[in-house]
There are 2 protein chains.
Amino acid sequence: MEKKNRTSLSQKWENQLSQAGYRITQPRRAILDIIAETERPLTPVEIFDLAGAQSAGIGLVTVYRTIEKLEELHLVEHVHHLGDCQTVFRCSEQHQHLLICTKCGSSYYFDGLEVEEQFNQIGKKFGYRITEHWLQLAGLCEECQKNNPKDRK
Amino acid sequence: MEKKNRTSLSQKWENQLSQAGYRITQPRRAILDIIAETERPLTPVEIFDLAGAQSAGIGLVTVYRTIEKLEELHLVEHVHHLGDCQTVFRCSEQHQHLLICTKCGSSYYFDGLEVEEQFNQIGKKFGYRITEHWLQLAGLCEECQKNNPKDRK
DNA sequence: TTGATATTGACATTCATTTTCAATAAGAGC
DNA sequence: GCTCTTATTGAAAATGAATGTCAATATCAA
Ligand SMILES: [Mn+2]
Ligand SMILES: [Mn+2]
Ligand SMILES: [Zn+2]
Ligand SMILES: [Zn+2]
């Protein structure tokens, strides 16, 4: 469900970065690949590690800078958990909401149209005109319910 | 709507801190008063400033430590905005959700029962068993809609 | 009033992120 | 391809938020 093809996604991102006037470098490519292919929010350090940045001589700073660019182009977003607000995940094309597994972290977007209609009503009760909303669900994914947790690779 | 009486609230908190075995000190009292009487989420530094801590010789560290205690007793909670995850606001008695004004910050709790029922359904679609949810609404409060923004005092 | 000790503020430390800067590599134009 | 401008890089230093250390002090139970 909403699985993305790794190569095509990071390829698409490269194009968008190029079009925005940014250069495609080897460090960037490695970082893009990891973020694009991972089905869960990652911290900068996790991205650094998974990209093999250490051994490839890539600096953690470059991870931060690449995230910055991707965020600017709305290709990734920061995900806020309860105790952790610095993970990064690829954006959904449209405005959507996240559903996150509390055990393995695997995440999906959903639109939530069925509830969004009600937000304005709730606001109205308090005299507010709602302009933003933030909805995130968490629980156990199918795999993790089977007590067969996905690897946190 | 859900306005709290300042004195009785910080008084109540003092009792709870006492009962939990913590001592009531002057610095703590000043910090408690500010958090209890302010109708919007505050950063530790804002609390420090509003409490006149600087001039009273109270350290910022004490603000952090007091927040820690209040959080432990579920009297305050951290509020996450889009770009800001370190503000603190008094808790609602029950599990509720926040409605925050984007202009002046004034905040209210609402229960959201009308939407919560649907969260499980959404999860089910993806095979998830929902255990947590996070809903927060933001917009312009009545005052700020009148272009008469409340003071951020 | 007394005494054990929780709490305090100053200071040092950690940890995440940002800034600075000289060296390097990307890629547009030829 | 080659050249040249300059965006990008990694190392190192700087910042900012939060936490730990510690001796002095204030709280509050007895
Ligand atoms: Mn939405
Ligand atoms: Mn709820
Ligand atoms: Zn899972
Ligand atoms: Zn957050």
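Numbered from 1 within each chain, the chains take letters A, B, ... in sequence-line order. Since the structure is predicted, the reported quantities are computational estimates derived from the model, not experimental observations.
B:L60 comes within 4.0 angstrom of no nucleic acid atom, judged by non-hydrogen atoms across all strands.
In this structure, CD of A:E72 is placed 13 Å from C1' of D:dA7, rounded to the nearest angstrom. Rounded to whole angstrom, the span from the CD atom of A:E46 across to the P atom of C:dT17 amounts to 12 Å. Distance CG (B:D84) to P (D:dG16): 15 Å, rounded to an integer number of Å. A straight line from CD1 of B:I31 to P of C:dT7 spans 13 Å, rounded to a whole angstrom.
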Table please: side-chain donor-acceptor pairs of residues 67-75 of chain A below 3.5 Å, with sequence neighbours left out.
| residue | atom | partner | partner atom | Å |
| --- | --- | --- | --- | --- |
| A:E71 | OE2 | A:H78 | ND1 | 2.6 |
| A:E72 | OE1 | A:Y22 | OH | 3.4 |
| A:E72 | OE2 | A:Y22 | OH | 2.6 |

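The side-chain heavy atoms of B:L42 and B:V88, taken from C-beta on, include no pair separated by under 4.5 Å. When side chains are defined from C-beta on, B:L99 counts as touching A:I130, because their heavy atoms get closer than 4.5 Å. Within the 4.5 Å cutoff, no side-chain heavy atoms of B:L32 are placed close to those of B:I35.
For the salt bridge (Lys or Arg N to Asp or Glu O under 4.0 Å) condition, the pairs that include at least one residue of residues 16-32 of chain B, sequence neighbours left out, are B:E14-B:R29.
Heavy-atom distances to DNA chain C give each of B:G59 and B:G21 a nearest nucleotide, and the one nearer the 5′ end belongs to B:G21.
For A:N15, the side-chain contact (heavy atoms from CB on, under 4.5 Å) test picks out A:Q11, with sequence neighbours left out. Every residue two or more places apart in sequence or in another chain was checked for a side-chain contact (heavy atoms from CB on, under 4.5 Å) with B:E117, and none qualifies.
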Going 5' to 3' through nucleotides 17-29 of chain D, assign each nucleotide B (protein heavy atom under 4.0 Å from a base atom), S (under 4.0 Å only from sugar-phosphate atoms) or - (no protein heavy atom that close). SS-BB----BBS-
Within the sub-3.5 Å range, which N or O atoms of nucleotides 28-30 of chain C have a protein N or O partner, and how far apart are they?
none

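Looking at A:E132 and B:H81, their side chains never bring a donor and an acceptor atom within 3.5 Å of each other.
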